[in-house]
Amino acid sequence: MANFTTMNGFLLVGFSAKPELEILCASLFLVLYLVALTGNILIITATSMDDSLYSPMYFFLKHLSFLDIYYISVTVPRSICNSFMHTRSISLWECILQCWAFTLCGSAEVAMLTVMSYDRYVAICLPLRYEIIMNANTCIHGILAVWISGVISGVRHTSATFSIHFCGANVIHQFFCEVPQLLKLACSNEYVSELGVTRFLSLLASLCFLSIGFSYTHIFSTVLRIPSAEGRAKAFSTCLPHLAVVILFLSTGFFEFLKPHSDSPTALDFLLTLFYTVLPPTLNPMIYSLRNKAMKAALKKVVKRRRAYFFC
């Protein structure tokens, strides 16, 4: 088979072969992208301006919103541009950068959700020691650990992926440079080393998932022992949104990366990719503000300030 490692790049598969459907899907992606940007920017603004939200929980939520903006911006804008411009090509270096940034953001997202679950565990199960454990140094170290783990994962994953030789057609059956789709283009069994990195990162993600499960097992056990219904409702209002985000992101991500990939991807493959690349950054602001009264009040203040600014 022809080796194309020295070629300029790859061809990405669009959402549809029909131009009308391609534009429709790109328009939907544009709407979701704008909703994600607006929601996450509102969360960042509210947690930065409202003094009542100066706590570790909202500190981590603000950084999750920063991360979600980067995460969705890695893949969606380029895909939208390709669809409207009726082009499918992506250069080799653009593909490498996209692969690195996407892996960095995905790994950092898992780490961030783990840190946030630990914060909720300490707040509910160890309330008397919360301010001692979750002090400023702990929060800063937690954020640094999130970004460092993301950078290391991105470098290892990307270097292992692009150290192999690619053969045959340079077509990636996805709307961005996804690692599983790139591995399908590998010559012979050269992707074995990359599979080792994938297994290692999957193990780390599994440990994060177990840590989150451990935290929430103790959280629910503690919450159910709270005598007042109001106290239980308040505790659940801060935990259930985070748990919903965790389940949505990790379940679809695990299934997408660990399931066997066919030579001809189906609509289900694109749908699952949408679930773990586009929906979490879009839905996170809605989920976190839906049952959180403090966040709702802060967002209303932000909106009122914006209205007053525009009408002045």
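One is the number of the first residue; the rest follow in order along the sequence. Hydrogens, waters and symmetry mates play no part in the numbers below; they use all other heavy atoms, side chains included.
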Exercise answer: donor-acceptor pairs, residues 112-128 side-chain atoms, under 3.5 Å, sequence neighbours excluded:
| unit_1 | atom_1 | unit_2 | atom_2 | d |
| --- | --- | --- | --- | --- |
| T114 | OG1 | V110 | O | 2.9 |
| S117 | OG | T114 | O | 2.7 |
| D119 | OD1 | Y130 | OH | 2.6 |

Does the side-chain contact (heavy atoms from CB on, under 4.5 Å) test come out yes or no for F60 and C139, once each step is laid out? CA-CA 8 Å; F60 292 130; C139 294; 4.0 Å; yes
Start with the C-alpha distance between C95 and C177, add both sets of side-chain angles, then the distance that settles disulfide (SG to SG under 2.5 Å), and finish with yes or no. CA-CA 6 Å; C95 189; C177 288; 2.1 Å; yes
Take atom OH in Y216; do more than 12 heavy atoms of anything else shown fall under 6.0 Å from it? yes
For the pair I69 and L37, evaluate side-chain contact (heavy atoms from CB on, under 4.5 Å) and give the outcome as yes or no after the intermediate values. CA-CA 6 Å; I69 291 174; L37 285 184; 3.8 Å; yes
For the CZ atom on F66, are there more than 12 heavy atoms of other groups (residues, nucleotides or ligands in this structure) within a distance under 6.0 Å? no
Checking the side chain of T38 only, and the main-chain atoms of V35 only, is there a donor and an acceptor separated by less than 3.5 Å? no
Under the side-chain hydrogen bond (donor to acceptor under 3.5 Å, both in side chains) definition, can you give me all pairs with a residue in residues 57-67, not counting sequence neighbours? N40-S65, Y58-N292
Show, in sequence, the C-alpha distance, side-chain angles and deciding distance for E109 and V146, and conclude whether the side-chain contact (heavy atoms from CB on, under 4.5 Å) test is met. CA-CA 8 Å; E109 183 105 2; V146 165; over 6 Å; no
Test item: S221 side-chain N/O and T217 main-chain N/O as donor-acceptor pair under 3.5 Å: no
Please name all residues satisfying side-chain hydrogen bond (donor to acceptor under 3.5 Å, both in side chains) with S73, sequence neighbours left out, ordered by chain then number. Y33
State whether the side chain of H86 and the backbone N or O of N82 hold a donor-acceptor pair below 3.5 Å, judged by distance alone. no
Quick one, L11 and I172 - any side-chain contact, counting heavy atoms below 4.5 Å? no
Could you tell me whether a side-chain N or O of H141 sits under 3.5 Å from a main-chain N or O of N137, the two making a donor and an acceptor? yes
Taking atom types as modelled, is there a side-chain donor on T138 or N135 under 3.5 Å from an acceptor on the other? yes
Could you pull out all residues at least two apart from T277 that satisfy side chain to side chain contact (heavy atoms under 4.5 Å, CB included)? Y71, F102, F175, F176, T273
Are the side chain of Q181 and the backbone N or O of E178 linked by a donor-acceptor pair below 3.5 Å? no
Tell me, do F162 and L182 make a side-chain contact under 4.5 Å, heavy atoms counted? yes
The criterion is side-chain hydrogen bond (donor to acceptor under 3.5 Å, both in side chains); which residues satisfy it with R129, sequence neighbours excluded? none
Does Y54 reach the main-chain N or O of S48 with its side chain, forming a donor-acceptor pair under 3.5 Å? yes
According to side chain to side chain contact (heavy atoms under 4.5 Å, CB included), who are the partners of V151, at least two apart in sequence or on a separate chain? L104, V155
Do the side chains of Q174 and V13 get nearer than 4.5 Å, heavy atoms only? no
Checking T103 side chain against C99 main chain: does a donor-acceptor pair fall under 3.5 Å? yes
Check: I23 main-chain N/O paired with S27 side-chain donor or acceptor under 3.5 Å: yes
